[in-house]
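What you see is a predicted model; the values in this text were computed from it and never measured.
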Amino acid sequence: MADGGRADHHRGACLGAARPRHRLRRWLDLRLRPCRRVVPGRDRADPDRAARGDTRASRAVAACRLPRGMGSGRCDAHRPRAGSSGQHRRQSVADPHAVPRRRCRPARCRLRRGRRARRPRSPHPTTVDDSPTPPAGGSSAMTVRCRIAPSPTGPLHIGNARTALYNYLYARRIGGTFVLRIEDTDAARSALEHERDILESLHWLGIEWDEGPEVAGLPARGPFGPYRQMERLPLYRETAERLLREDKAYHCYCTQEELAADRAAQELAREAPHYVGRCARLTAEERASKETQGRRPVVRFRVAEGIVAFDDVIRGHVEIDTTALGGDLVIVRSDGTPLYHFTVVVDDAAMQITDVIRGEDHLSNTPKHILLFRALGADEPRFSHLPLILNPDRTKVSKRKVQTAVSAYREQGFIQEALVNYLALLGWSSGTEEEIFTLDELVERFELERVHSGGAVFDRERLEWLNGQWIRRLAPEDFVERVRPFLARALEARAAAGDAVIEPDEGQLEALVPLIQERLPRLDAIGELIDFLFLTEVRPDPAQLVPKRWDRETAVTGLREARRVIAEVGAVSFEADELDSALRRLADVRGWKAGDLFTAIRVAVTARTAAPPLFDTLVALGYERTLERLDRAGELLEGLEA
RNA sequence: GCCCCCAUCGUCUAGAGGCCUAGGACGCCACCCUUUCAAGGUGGAGAUCAGGGGUUCGAAUCCCCUUGGGGGUACCA
């Protein structure tokens with residue numbers, strides 16, 4: 001495969017690669033089949049698919065679209081070329097003690113001009129080297145490496161999905177490497193089930209990682225593994241020991257009670273809560289005495305006093321006084337397990353992450369991380385803090401107020417293209433008036449510098465609109481494939497409710513595609529649109545059988561006459577055009593409004609007032625069933641008379 | 001409380017001193033199309049650019065203050 005085909009590489013480029021497909025399939029075990037991408041604005045035929053020629057191949061593609069690095073070596077072709085991304089722009093990060101304390105308050109120090117100066121950008125924005133000092137490591141050229149580090153304490157969250165997407169887009173745009181790391185050090189809340197949901201959801205979205213943990217029985221991929229933090233414990237322990245040895249950290253024996261008392265006292269004194277440093281300078285004897293009391297120490301990192309400054313790609317220059325950070329930071333629990341602020345830095349350093357792109361909720365924590373990077377002697381990455389996704393009341397998005405799990409959107413019939421497109425637009429814009437973008441198109445256009453800095457309310461209405469747009473753009477056979485599970489589920493529900501259900505007929509479904517595809521805001525709306533086709537019997541509401549301008553008697557006559565006319569058309573000529581003219585003629589002769597007659601017929605055969613266009617519906621239903629339903633409806637109305 | 005970030009139609013956003021009488025999209029309303037429902041088309045309502053001071057011939061845009069919102073401040077991530 002051509003090395004230069006980067007724009008294409010994360011589409012089905014693994015096609016044909018030999019790989020243990022069945023194993024992947026089993027792991028994925030997706031009730032809803034993963035989808036392929038379509039190209040908007042072009043014809044509905046999926047070129048990949050045309051080349052493939054059958055639907056089975058598409059499943060192979062689904063398997064192939066596992067994250068890069070999870071399959072055969074074939075995907076190595078997609079690895080960024082060494083050196084292609086050029087130099088990594090590094091800002092000089094002042095040593096806290098070297099920075100003169102400015103009189104202006106840090107809040108006012110944000111240099112807007114600095115932000116402006118980032119534009120315009122070259123095609124490879126981060127190759128700009130306006131840094132007055134080279135990176136600490138001395139190497140001037142560095143391949144961009146960024147990561148998403150979800151914590152399996154819940155299913156993949158839309159906020160995390162967006163962060164993952166932005167990291168992915170940034171890495172792909174610039175030819176960098178995108179790493180997936182599982183941050184599972186919160187053993188109490190982490191669950192395998194959630195990790196699985198996260199991986200599946202990322203995969204479903206098409207966000208593929210270059211390096212990450214082993215999945216589906218396939219080994220971890222990438223030179224910096226393992227990629228699960230609980231498997232990296234020795235590294236954290238060694239690093240903590242090193243910091244201890246260098247006196248950059250110390251053992252703290254304070255009990256929860258002592259700390260709570262400190263906090264209470266601080267509150268009373270109207271001080272900011274902070275660690276008082278009781279254990280910061282313990283002698284060996286003091287330590288031994290605490291140990292004999294059976295106290296298990298935590299490890300605290302010494303937070304240096306001073307101002308830590310960094311240049312956030314999205315927010316510009318930020319300065320934070322470390323005295324506001326709450327004092328020395330616990331990096332290892334008393335049970336020996338490491339804490340987030342520690343592991344994130346140890347791993348970012350070890351994995352040579354050059355760009356940390358994460359939610360704004362971490363902005364205030366960044367100085368702690370920077371101090372830790374320095375203590376470790378590691379290069380500081382460039383930071384980009386994304387605006388938060390908000391509830392309608394503008395608080396940080398929460399599952400109480402907004403549906404947050406990506407998998408829940410998927411189950412409701414949102415399609416991957418729409419969710420990706422929507423999430424990309426939540427906080428970023430291309431600067432043009434286009435707004436329908438494929439993942440590949442996003443890769444072409446994405447710039448971190450164009451990310452908005454204010455929080456964005458999650459607007460489900462807009463997502464639904466975008467979903468409809470994307471559903472309409474699907475190739476018909478792709479649409480059928482994607483909607484089928486939703487139809488099956490809807491019919492299962494009807495069967496469970498006691499209705500006699502007919503197995504969906506492929507031909508019927510395909511014939512109706514053009515009619516239903518543009519009527520679905522979500523795939524899960526399929527049931528209410530065409531369930532009548534797959535029920536042996538419908539039960540129309542008698543009131544709805546009588547159009548507004550008609551009385552019951554007219555309705556009875558109308559249904560009978562319609563039955564007669566349709567029977568006259570006959571099974572052989574049972575086509576939309578024939579039905580159309582015959583029924584219009586009937587309305588004309590009787591002096592009825594065609595619409596009234598059609599309404600009565602529609603309700604009679606579908607039991608719904610809203611349905612796909614009537615004549616196509618009748619054809620899909622078939623001659624016999626149409627007549628039968630007209631008869632039943634007529635009888636129903638007549639029965640009411642008696 | 002303290003620290004940090006943010007601020008343009010209800011919502012997502014465009015906007016980098018004059019192209020702004022502030023553009024687009026969702027949603028809403030009306031009309032057209034139409035057998036229903038959608039989709040689509042056309043048009044409309046909707047933002048004194050949070051408020052106040054500066055700087056400037058000129059400010060949505062630069063600076064300051066105020067207000068409002070959000071986030072952080074754990075042996076959570």
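Nearest nucleotide to the side chain of R450(A), out of rA74(B), rC5(B), rG15(B): rG15(B). With rA77(B), rU35(B), rA38(B) as the choices, the nucleotide that has an atom nearest any side-chain atom of E518(A) turns out to be rA38(B). Checking rC4(B), rC6(B), rG23(B) against every side-chain atom of E433(A), the shortest atom distance belongs to rG23(B). When distances are taken from the side chain of W465(A) to each of rU35(B), rA25(B), rC3(B), the shortest belongs to rA25(B).
Across all strands shown, nothing is found opposite rU35(B) as a Watson-Crick or G-U wobble partner with both distances under 3.5 Å. Pairing of rC28(B), defined by two Watson-Crick or G-U wobble distances under 3.5 Å, is identified with rG44(B).
When the C1' atom is compared between rU8(B) and rU48(B), the two are found 12 Å apart, to the nearest whole Å. Rounded to whole Å, the C1' atom of rC28(B) lies 38 Å from the corresponding atom of rC65(B). Across the C1' atoms, rG10(B) and rA16(B) are found 27 Å apart, a figure rounded to whole Å. Straight-line distance between the P atoms of rG51(B) and rA60(B): roughly 11 Å, to the nearest whole Å.
Atom CZ in F437(A) sits about 12 Å away from atom C1' in rU13(B), given to the nearest Å. Distance CZ (R315(A)) to P (rG72(B)): 13 Å, rounded to an integer number of Å. The distance from atom CD of E360(A) to atom P of rG70(B) is 12 Å, rounded to the nearest whole Å. Nucleotide rU34(B) holds its C1' atom 12 Å from the CZ atom of F615(A), rounded to whole Å.
For H369(A) and H341(A), the distance between ring centers is under 6.0 angstrom. Ring centers of W428(A) and Y166(A): at least 6.0 Å apart, outside the cut-off.
Phosphate proximity of rA14(B) to H452(A): present, with a side-chain N or O under 4.0 Å from OP1 or OP2. Within the structure, every side-chain polar atom (N or O) of T337(A) is placed at least 4.0 Å from both OP1 and OP2 of rC75(B).
Ranked by how close their nearest RNA chain B nucleotide is to the 5' end, T609(A) and H362(A) are led by T609(A).
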